[in-house]
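Side-chain atoms are counted along with the backbone in the values below, which use heavy atoms only and exclude waters and symmetry mates. So that the names make sense, note that chain A is the first sequence line, chain B the second, and so on, each numbered from 1.
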Amino acid sequence: MGDLNNPGIDGAARPVLDAASMAELRALDPDGKAQLVKRVLATYQASLAKLVDQLRVARADGAWEQVGRVAHTLKSSSASIGALGLSALCADIERLIRAGDAAGAEPLLEQFHAEVRRVDAAVGQTLQHLEAAAS
Amino acid sequence: MTLHHGVSLEATDRRPTVLLVDDDEVNLLMTAAALRDRGFDITSCTGGEEALTRLASWTPDVVVLDAIMPGLDGFETCVALRNMPGFDNVPVLMLTGLDDEASINRAYQVGATDFFVKATQWSLLAGRLRYLLRASRTRQELERSKAKLARAQDLARMGSFDWWQDDNRSFVNGLELSEEGLRVFGYGPDDRVNLRDMLRMIAPTDREPLVRLARQILYQVSVIATDVPMTLPDGRFRIIHVEAEPEFDEHGHCCAYTGIVQDVTDRRIAEDRIRHLANYDALTNLPNRRQLIWRAERALEFGRRLGHQVALLLIDLDRFKVINDTLGHAAGDELLMEVAFRLRGCVRHCEQLFEGVIETAGSRSHRTLEAVGRLGGDEFVALLPEVADEADAQRVATRILEALREPVVVAGQDCFATASVGIALFPRDGNTVADLLRNSDVAMYAVKSQGRNDALVYTPRLAGRGREKLALESALHKAIERDELVLYYQPKVDVANGKMVGVEALMRWRRGDLLIQPADFIPVAEETGLIVPMSEWALRQAAKQARIWADAFGFADSIAVNMPNRMFERTDLIEQISSAVREEGIPHSMIQLEITETGLMKDLQRVIPSLHRLTEIGVQIAVDDFGTGYSSLAYLTSLPIAEVKIDRSFVRDLGVLPQSLAVVTAIIALAKSLDLKVVAEGVENQRQQDVLYGEGCSLMQGFLFSKPMPPEDVQAWMESVSLPRKVVAAPSAAKVRADAGEVVDVGRRS
């Protein structure tokens, strides 16, 4: 799993997943016995899909408060796995919605979905690498 | 306080348990991993509802709640948790966002212990949790220690109070009792009491001195420590101990007292009981030696000051030892109680004395010292704190003797518990209690030696018999009670067949480490009359021994007990012997009585009836020391005796003095003609044995065969013994006489 820090993984200049955050995550389970990294990423990927769905529905219903709550949750869990870009977007969205500025949040939500796709892909790829390393 | 929780924390080496609640599963997973890694035992929940369900059946050491969650959020969960029983003190840590000040404030409002900004700095989180746990543990220990103190105070029926001065420098209004303090007086925790309420619980007679004492204490700013008798609002009488120390303001003025109140009623009762036990005899409830001596000393002080006489009567029961031995200790105790009761009626016995009372109660107060007490055993003392003269004391003594004249029924039998009373007067017969006790003792022994059941006033003439003898007498008297007397046994053997035919019981006195021989105490015993109880004891002891030997090795011979002639004059001798043998289940014939020839002749007419009756019931009589007295041979022929014992002095001189051989020969011949057994005493060597045997005397006793020995050695002696020489055939008398004559010659030449 050494190539997790590879900046060129998705062809972008900034890595989708922050290397330092990933290192912290690995440090929680240094010998990989608990397969913590794999479990965390799998959990993240599952909750990401669930939360993005919730967000879409809420946005369509105009339930902005719910949108803000999803953003809050995704903000901290994304930060935890090193998806700092996505976490920052979530923080902005949460703040704007709490401030009552749903219109201001709209453009950010477009960016949010793009970033979600990148993070999802990076997490998926990392998980594949982990599988490969384990077998 | 949550005791079960506190107990669970005591195992500090155990991993602290944490309930982690976060809807963000990723964060939950990572936080759990991080904290597990740092020594915590993590249970995870993804929502408030799930968390509360878990907590219904389990109490973690600490709860970590994410503030923002869908459904029940962290705040609502915290409120719900605090409302659950047992969760008021469980630490709760609220996880909030960095920029979320509203959440932080709200966290405290809902009862969270602390907040923590969500971050991946796990060490900080772990540190915070540990701090919370430690604080919680300290708090619990404090709670527990407070509870323990309250419980201890409750158990000790103790509580604290503060008593302070108000603005007018008055102590009347400022009083506050702790909950436990209120409980001491029977109040509830919400009751309020003031100083007046307290004073009302004290009897008016006690109140005034207490108020005086309180004023004095406040004036001197001293420590309060006093017992106050109180009647509590619920009617209970209690003794409350109050102890307090002054507190001072910044100017050094005493502004308050702080202290404790304690119900010490039980302790006082116990103290009184201890005092009673220390001063009163447990059996008779009379004053004991210590109390009597204390009273007597006070009485002497009064006598000295007021110039009157004090009398001390020493009362010793005459036959207590016999009653105790024959009827048992329980009967003996019963007798002592009855005697105590009767004696008490003979004086103005004052039950209780409180030290200090007599000093203040007026000039006749020494009368309250009057009492009967028990010195120990069967010895009582009557203290008369004021007597006009000797006759006064004698009147009381007579009353005592009268009171004991009626029989006492113990163990279903009439017992006659007569007493001997010795009287000593202060100042004439002694200036100290010790002197008076000793001299009343002298007088009492004089009564004993004159036949008991009487009273005598001490005179110096009584003491003239010499201190040493008195001491011996006194010690001997106690020897009986203390079981210091022992019987040793010397076998009588028949040298014709080498068999033991009986034993003679010989008294010894085991006084400390010494074994005192009869010659050193029997004369004194004879003189004082102690010989009577001693002989009675010897009879019962011999009967017991006969039983023991009969059981151990089939002993079927007789044990000879020496009896002074005065025993034969007693009408109850037959009954004594019969009861002794009956008790042991042995035939009368196993007891033989020895009376000295001198004793026998002293008052022959009075002894003869006993001898006949003894013989009738099968108790054989042996005449001891035969040849030394002046037996009237005429009487001897008609006396119911079975055996004569040749005095050791003749045996010793056999072969030395020809007269001895003549006497021995004469005695043997006489005995044979009267059909009496004849036993030679003091046989120490082979020659003596041979001469005696040659003269036709085969029964012997002496060191040649065995010294007197303790009873446990007798069986072994019987089994090991081989008599010096088994005489197969009697040598001719002439031959032996010739041998003896030669020895005599040798003796003369040397």
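Heavy-atom pairs under 4.5 Å with chain A peak, among B:R38, B:M30, B:R36, at B:M30. In terms of non-hydrogen atom pairs under 4.5 Å with chain B, the most contact-rich of A:D29, A:L28, A:L74 is A:L28. No other option in B:N27, B:D22, B:D24 has as many heavy-atom pairs under 4.5 Å with chain A as B:D24. Highest contact tally toward chain A, considering only B:V26, B:I68, B:D66, B:D23, is held by B:V26 [criterion: heavy-atom pairs under 4.5 Å].
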What do the steps show when you test B:K118 against A:K75 for side-chain contact (heavy atoms from CB on, under 4.5 Å), and what is the final call? CA-CA 11 Å; B:K118 270 189 167 182; A:K75 174 189 70 177; over 6 Å; no

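For chain B, the nearby parts of A:S76 are the backbone and the side chain; heavy atoms of each come within less than 4.5 Å.
Note: B:E25 CD to A:R39 CZ = 11.5 Å, rounded to the nearest 0.5 Å. Rounded to the nearest 0.5 angstrom, A:I81 CD1 and B:L29 CG are separated by 12.0 Å.
Heavy atoms from other residues, nucleotides or ligands lying under 6.0 Å from OH of B:Y108 number more than 12.
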